[in-house]
There are 2 protein chains.
Amino acid sequence: MSKEADKIVQILKSKGLRVTPQRFAVYSNLLNRQDHPTAEQILVSLNQNSPTSSQATIYSSLQALRDVGLVREVLLEEGVCRYDANVSSHHHFRCKKCGCIEDIPWEQVEDVRFKALRPGLTVEQYEVTVQGVCDRCQ
Amino acid sequence: MSKEADKIVQILKSKGLRVTPQRFAVYSNLLNRQDHPTAEQILVSLNQNSPTSSQATIYSSLQALRDVGLVREVLLEEGVCRYDANVSSHHHFRCKKCGCIEDIPWEQVEDVRFKALRPGLTVEQYEVTVQGVCDRCQ
DNA sequence: CTTTGTGCAAACGATTTGCAGGATG
DNA sequence: CATCCTGCAAATCGTTTGCACAAAG
């Protein structure tokens, strides 16, 4: 087993998850892609060569991974739930033309300052969603 | 007909929409509430006294209103699509305890500055989603 | 060997659609 | 009176669930 695969196994174990081929596949697929796939896209990707996981298993793996904080959902379009294995604080960019989505590292957005936010509201976290045009679509 | 009702009629007409009782009801309901209701909540609200609009009509009215830019969708939770008649630039706050959502006026968030955003990305707009605790839940 | 995960198919909930009758401009 | 909207019920889409069998620790 490669070092990377071993690392993924360790991560899963450290979160108390049983390591099954399907769960491993879902998580490493998500770790290795930079787009923000939907459950359906992960299913297609995993099964394109040989059947690896069923639809129900993809969903339950994603749920398990989300529950232990290894993946998060990204909601930018109506009716579309995407998944992201990058759970550190970051923002998202979405191209209005091709619909591609990419991460914006936290450091690239200077601190957002709240001026006179309605008294009583306690801010715990915030996320900036940027819409625009990507380089390929310019 | 009241002045407000007349104003709503004018707005709908100015957008090229036929004014039907159902469409009027959906739009004015949305204008008069400060929460960000789902289609279902609008349906219940409109029909609580007497039947006003069917489910399918609520959806098609919302779609028509969205198409002409009178309402927008607000996506903050998985599988929940909310509607907002405030289409001016603004941000959203969501209470992690009670789940209530409220608008944050644009001016309350100082300009967000992007530092070294990946070259090639053109920013057209952005929205800040704040999560925290509201005053009622403190 | 106990617990948890998988796969299948059926169930589900939110939204959409087809169509016939009704209202709008 | 032509066009567009409404309401109903059926269809659809993404996601969840129940259950019998299989795999993990």
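The chains referred to below are lettered A, B, ... by the order of the sequence lines, with proteins before strands, and numbering in each begins at 1. Both backbone and side-chain heavy atoms feed into the values below; hydrogens, waters and symmetry mates do not. Remember, it's a predicted structure, so these values are computed and weren't measured experimentally.
Residue B:N47 contributes atom CG, which lies 12 Å from atom C1' of D:dG7 at whole-angstrom precision. Taking atom CG on B:L43 and atom P on D:dC8, their separation rounds to 11 Å, with Å as the unit. Across the protein-nucleic acid pair, A:K15 atom NZ and D:dA24 atom P stand 23 Å apart, rounded to whole Å. Atom CZ of A:R82 and atom C1' of D:dG14 are 14 Å apart (whole Å). Per the geometry, CD1 belonging to B:I58 stands 12 Å off C1' belonging to D:dG7, to the nearest Å. Per the geometry, CG belonging to A:L62 stands 15 Å off P belonging to D:dG14, to the nearest Å. Rounded to an integer number of Å, the gap from CD of B:Q10 to P of C:dG25 is 11 Å. The distance from atom CG of B:L17 to atom C1' of D:dT6 is 15 Å, rounded to the nearest whole Å.
The phosphate of D:dT6 (OP1 or OP2) has a side-chain N or O of B:T20 nearer than 4.0 angstrom. Listed pair B:R23 / D:dC5 meets the phosphate criterion, a side-chain N or O lying under 4.0 Å from OP1 or OP2. Contact annotation: B:T57 side-chain N/O to D:dG7 OP1/OP2 distance is under 4.0 Å.
In this structure, B:N86 and B:R72 have side chains that are not in contact, with every pair of non-hydrogen atoms separated by 4.5 Å or more.
The distance from the NZ atom of A:K15 to the CG atom of A:L12 is 10.5 Å, given to the nearest 0.5 Å. Rounding to the nearest 0.5 Å places OH of A:Y27 at 10.5 Å from CG of A:N32. Note that CG of B:L43 and OG1 of B:T52 are 9.5 Å apart. Values are rounded to the nearest 0.5 Å.
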Within the sub-3.5 Å range, which N or O atoms of nucleotides 12-19 of chain C have a protein N or O partner, and how far apart are they?
from, atom 1, to, atom 2, distance (Å)
C:dT15, OP2, B:Y59, OH, 2.1
C:dT15, O5', B:Y59, OH, 3.2

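A donor-acceptor contact shorter than 3.5 Å links the side chain of A:N47 to the backbone of A:S53. B:D103 contributes no side-chain N or O that, together with a main-chain N or O of B:P105, makes up a donor-acceptor pair within less than 3.5 Å. B:R94 places no side-chain N or O within 3.5 Å of a backbone atom of B:V130 that could act as its donor or acceptor partner. Judged purely by atom type and a 3.5 angstrom limit, A:R82 uses its side chain to pair as donor or acceptor with the backbone of A:H36.
Each end of the helix from C:dC1-D:dG25 to C:dG25-D:dC1 gets its own rotation axis from five pairs of C1' atoms, and the angle between them is 40° to the nearest 10 degrees.
Ring-plane geometry between B:H91 and B:Y126 is classed as parallel, the angle between the planes falling under 30 degrees on a 0 to 90 degree scale with a further cut at 60.
Taking the side chain of B:R18 as heavy atoms from C-beta on, and the options D:dC4, D:dT6, D:dA24, the nearest nucleotide is D:dC4.
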